[in-house]
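Heads up, the thing below is written out as structure tokens.
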Amino acid sequence: MDTRFDPFLWETKLYTKWEQSGLFRAPLTGKPYTILMPPPNANASLHAGHGMYTVDDIMIRYKRIKGFSALWIPGMDHAGLETQFVYEKHLAKEGKSRMDFDRKTLYNNIATFVRENSGLIYDQFRRLGFMADWNRSVFTLDPHVLTRVFETFKKMEQEGLVYRDNYMVNYCTHCGTSLAELEVQHETRIDPLYYIRYPLRKASPLQDKTGYIVVATVRPEPIFVDTHVAVNPKDKKNKHLIGTIVLNPLTDTPMEIIGDSYVDPDFGTGVVKLTPAHDQNDFTVAKKLGLPIVRAITLQGRIDQNGGAYAGMTVKKARAAVVEELKRKDLIEKIDTNYEHAVTVCYKCKRDLEPMIIPNWYIKVESLKKSAIVAIQKDAVQFHPKKYKRHILQWLRAMHDWPISRQNAWGIRIPVWYSVDDNPHMHVVFLDSKGNSVQGEIHTLLKKHSFDTIETGLQRVSPPNDATYVVSHNKPEGTQYLQETDTFDTWFSSGQWPLVTLREDEYQTRFPTDMMGTLADILNFWVSRMIMFSLYLQHTVPFKHVYLWSMVADSKGQKMSKSKGNVLNPIQLVDQYGADAFRASLIFGLSQGGKVILADEKVRAMRNFANKVWNIGRFILLQKSHSVPLSGTPRDKQSEKIIKKMNTEYEALEKKYEKNMEAFKLSPAFNGVYDFLWHRFADVYIEQLKKAVLAGDEEARLALEKTYMAAARLLHPFMPFVTDAVYESYYGVDTSIISSNQT
RNA sequence: GGUCGCUUAGCUCAGUUGGUUAGAGCAUCCCGUUGACAUCGGGAAGGUCGGUGGUUCAAGUCCACCAGCGACCACCA
């Protein structure tokens, strides 16, 4: 044995040995223990957050050593929105965009892109020593997954849980897609607040005062479609205005002032313009009162044909132009340039979102979430740390119907088909044979273009809200059908992850699975959906325990982010200090809230510990050659006493360790072993027995070896390489701590 | 604005049901190297446990209020 533990000498060698001796597959005997790996994005490369998958590996190794048939199934996610976003950035570099391709070509190109860029993360997981059954990897676009997703959708559709409806969604005009509530980010910003004069109609009895009323808004650009203005009926200052007619400052169209309680009397002037097609609140009010809902902005983020002179302008340009016009007409009372408000931005591209009305597919969640809530309340799923039980319950109770459609090509296309005969007014966008974008209603388009041309070049279908459709995995026979171009939300497929990863027969023995370890960020996105789907389809929860960690931070507790420049590359740390050191540093000092501190000095400290473990082993082994034949007991009573005390202390350690591990308190479990090995075993017991051992007392040495190896078994899940390297040095190249309980 | 959480050594955090001199890692300082390990060993310094008040024989631990920080959710015309 060398004087130092050299990770690079051992890591590849040991990993290959583990893999070749079949240790990654679940043993045929033993009680099942199952973990499904949260599938990383297929084209991802390892970041600090993935390092925490170590938690899964720790539990798998821990259970394996204890003789369980522990199985860890890996997988990869197609990650619809995220992957397409990355791909489109590549396209942009070549001066192209997704609009240059028909849907099918775009999909195939992304598929190729993903294939070329996937697999890297598995190599990196191997570097970390992960003991997953790589041969069983599942991809969320595998055929059997598609089948399962289709069947789930069909079942839900048949049971009336699916509906299609016009809905106000947060729409990102850049990404060309709607976003779910959770994908929306709020950002505080300072924007000008315009106080705009709305002239009173001549006949108005109020005219003799000022001749106008003032409305405050940050969004003057869609005013031309506005038809109503509102005040709060309880607002003493303004309620007398109800029923008054003012003129639209851009179009001179008469507008009625209505009363509704949602208006905040204290905001601005207490008078609000209503733009139902582009504002969530206004939309709600308009629906309630039956007011007209007129769109002013296209899905591309430009003013549409209703905008007259502004038609075709981007929102930003139109805003400036509208303000100019209003200034010319002397209709701007004042501009508050220091108005702070929150805007919604796209979680991917950070651009402003437009509230838009588009038909979307929805899942009714009322019954689904109810059973999830009951299961969680009964602790059928337990959360670690416990606080997340409250979090998820709170979120589930507030959960609205789930919009599952995304205007995204990369994903599982919704298995719905629209007959062109039955839906003549369906709006269609496609590329003709020359690559020109053509759009219009299908019955008009079919007069000039063949169905095949349209289907081949298809980019998007936008069927009216009342369109008829057929649910089918494959294209229906008979008449001409176009398939829905929307794809399922990523969480619709990954929410069924626990239902597509096991083999049919394993649902008897391995379901519910034992643990799900994942980032707390996606507790609501993902964990809640898995629980709902599993209860709906399998009538049981998908896992018994959920282990959550939150963001990875640097040594000062600052969240790691590219803009802060404090991001550490895990693989670089592994190269520098070894996988054991990296793994242990994530667990050591893991705070209760789950915040993970990753810092160079921490990894270095753990590298030192790995070396210490190695050298303890080296010392005990080295003394073996000095030994004399066994006598049965240590030579002196003093040594016997020390050994007894050491064993008692070890037993206490093991007991505490077990308790912590079963409660997923990994940090205290690891800390206990760290403390024992370094500051009790090495600093105290070895020192006390050193004289005897050096004098050739083999009994004393054996006692040390026994306790050391026992502690190494406790340490192995956290630091698999150094512990197995020592084990192999002692007992030969064919041995491993993992299977040591079987010998 | 709502909900929850946090505040203990220079930094990041432990402190189990209230019970002797409040701990760890890193950082700092001093001493030590011929046999396991300098990626080490021995030692030291450093905390009125956010503030105020209360319960108690006893409070870092329980309660109230205050201050600061954070997370999530919601709203913002």
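Chain identifiers are assigned alphabetically (A, B, ...) following the order of the sequence lines, protein sequences preceding nucleic acid strands; residue numbering begins at 1 within each chain.
Residue A:L694 has its side chain nearest to B:rA36 when only B:rC40, B:rA36, B:rG25 are considered. When each of B:rA36, B:rG42, B:rC26 is scored by its nearest atom to the side-chain atoms of A:D683, the top-ranked nucleotide is B:rG42. Looking at the side chain of A:I686, the nearest of the listed nucleotides B:rA36, B:rU39, B:rA27 is B:rA36. The side chain of A:Q394 lies closest to B:rU3, out of B:rA36, B:rG25, B:rU3. Considering only the side chain of A:R607, B:rU39 comes nearest among B:rC37, B:rG25, B:rU39. Side-chain proximity of A:I616 to the nucleotides B:rU39, B:rA36, B:rC26 is greatest for B:rA36. In this structure, of B:rC40, B:rU3, B:rC26, it is B:rC40 that holds the atom nearest to the side chain of A:N608.
B:rC13 atom P lies 20 Å from atom CG of A:D675, rounded to whole Å. Between A:F5 atom CZ and B:rA38 atom C1' there is a gap of 19 Å when expressed in whole angstrom units. Rounded to an integer number of Å, the gap from A:N611 CG to B:rA36 C1' is 10 Å. Put simply, CD on A:E662 is 18 Å from C1' on B:rU16, counting in whole angstrom units. In this structure, A:L586 places its CG atom 18 Å from P of B:rU12, rounding to the nearest Å. Between the P atom of B:rA24 and the CE atom of A:M606 lies a distance of 14 Å, rounded to the nearest Å. In this structure, A:D279 places its CG atom 11 Å from P of B:rC75, rounding to the nearest Å. Atoms CZ (A:F383) and P (B:rC4) sit 19 Å apart, rounded to a whole Å.
A:F721 and A:W10 have their aromatic ring centers separated by at least 6.0 angstrom.
Searching all strands for a Watson-Crick or G-U wobble partner of B:rG35 with both distances below 3.5 Å returns nothing. Under the Watson-Crick and G-U wobble criteria, each requiring two contacts below 3.5 Å, nucleotide B:rG60 is left unpaired. Under the Watson-Crick and G-U wobble criteria, each requiring two contacts below 3.5 Å, nucleotide B:rC69 is paired to B:rG5. In this entry B:rA44 has B:rU28 as its Watson-Crick or G-U wobble partner, both defining distances falling under 3.5 Å. For B:rC13, the paired base is B:rG23 (Watson-Crick or G-U wobble, both distances below 3.5 Å).
Nucleotides B:rG53 and B:rU61 place their P atoms 14 Å apart, quoted to the nearest Å. On the C1' atoms, B:rA64 is 36 Å away from B:rG25, given to the nearest whole Å. Between the C1' atoms of B:rC57 and B:rU20, the separation comes to 15 Å (whole Å). Between B:rC31 and B:rG19, the distance separating the two P atoms is 40 Å to the nearest Å. Straight-line distance between the P atoms of B:rA45 and B:rC6: roughly 32 Å, to the nearest whole Å. Rounded to whole Å, the separation between the C1' atoms of B:rA27 and B:rC66 comes to 34 Å. Between the C1' atoms of B:rC49 and B:rG60, the separation comes to 5 Å (whole Å). Here, B:rC13 and B:rC29 have their P atoms 25 Å apart, quoted to the whole Å.
Using a 4.5 Å cut-off on side-chain heavy atoms (C-beta onward), A:E221 and A:Y310 make no contact. Using a 4.5 Å heavy-atom cutoff, the side chains of A:F609 and A:L715 are in contact. With contacts defined as side-chain heavy-atom distances shorter than 4.5 Å, the pair A:I303/A:I297 qualifies.
Stacking of A:K612 on the aromatic ring of A:Y674 is not recorded, the 6.0 Å distance cut-off and the 45° axial limit not both being met.
As judged by a 4.0 angstrom heavy-atom cut-off over every strand, A:Y674 is placed among residues touching the sugar-phosphate backbone only. Residue contacts shown for A:R4 include a base, since a base heavy atom lies under 4.0 Å away.
A salt bridge between A:K655 and A:E651 is absent, with no side-chain N of the basic residue lying under 4.0 Å from a carboxylate O of the acidic one. A salt bridge links A:E354 to A:R219: one of the charged nitrogens lies within less than 4.0 Å of a carboxylate oxygen.
Within a 6.0 Å sphere centred on NZ of A:K706, other residues, nucleotides and ligands contribute 12 heavy atoms or fewer.
For the pair A:V215 and A:H679, nearest-nucleotide mapping onto RNA chain B gives the more 5' position to A:H679. When the nearest nucleotides of RNA chain B are assigned to A:E687 and A:E601 by heavy-atom distance, the more 5′-ward of the two goes with A:E601.
For B:rU3, neither phosphate oxygen OP1 nor OP2 lies less than 4.0 angstrom from any side-chain nitrogen or oxygen of A:W395.
A:K612 contributes a side-chain N or O that forms a donor-acceptor pair with the base of B:rC37 under 3.5 Å.
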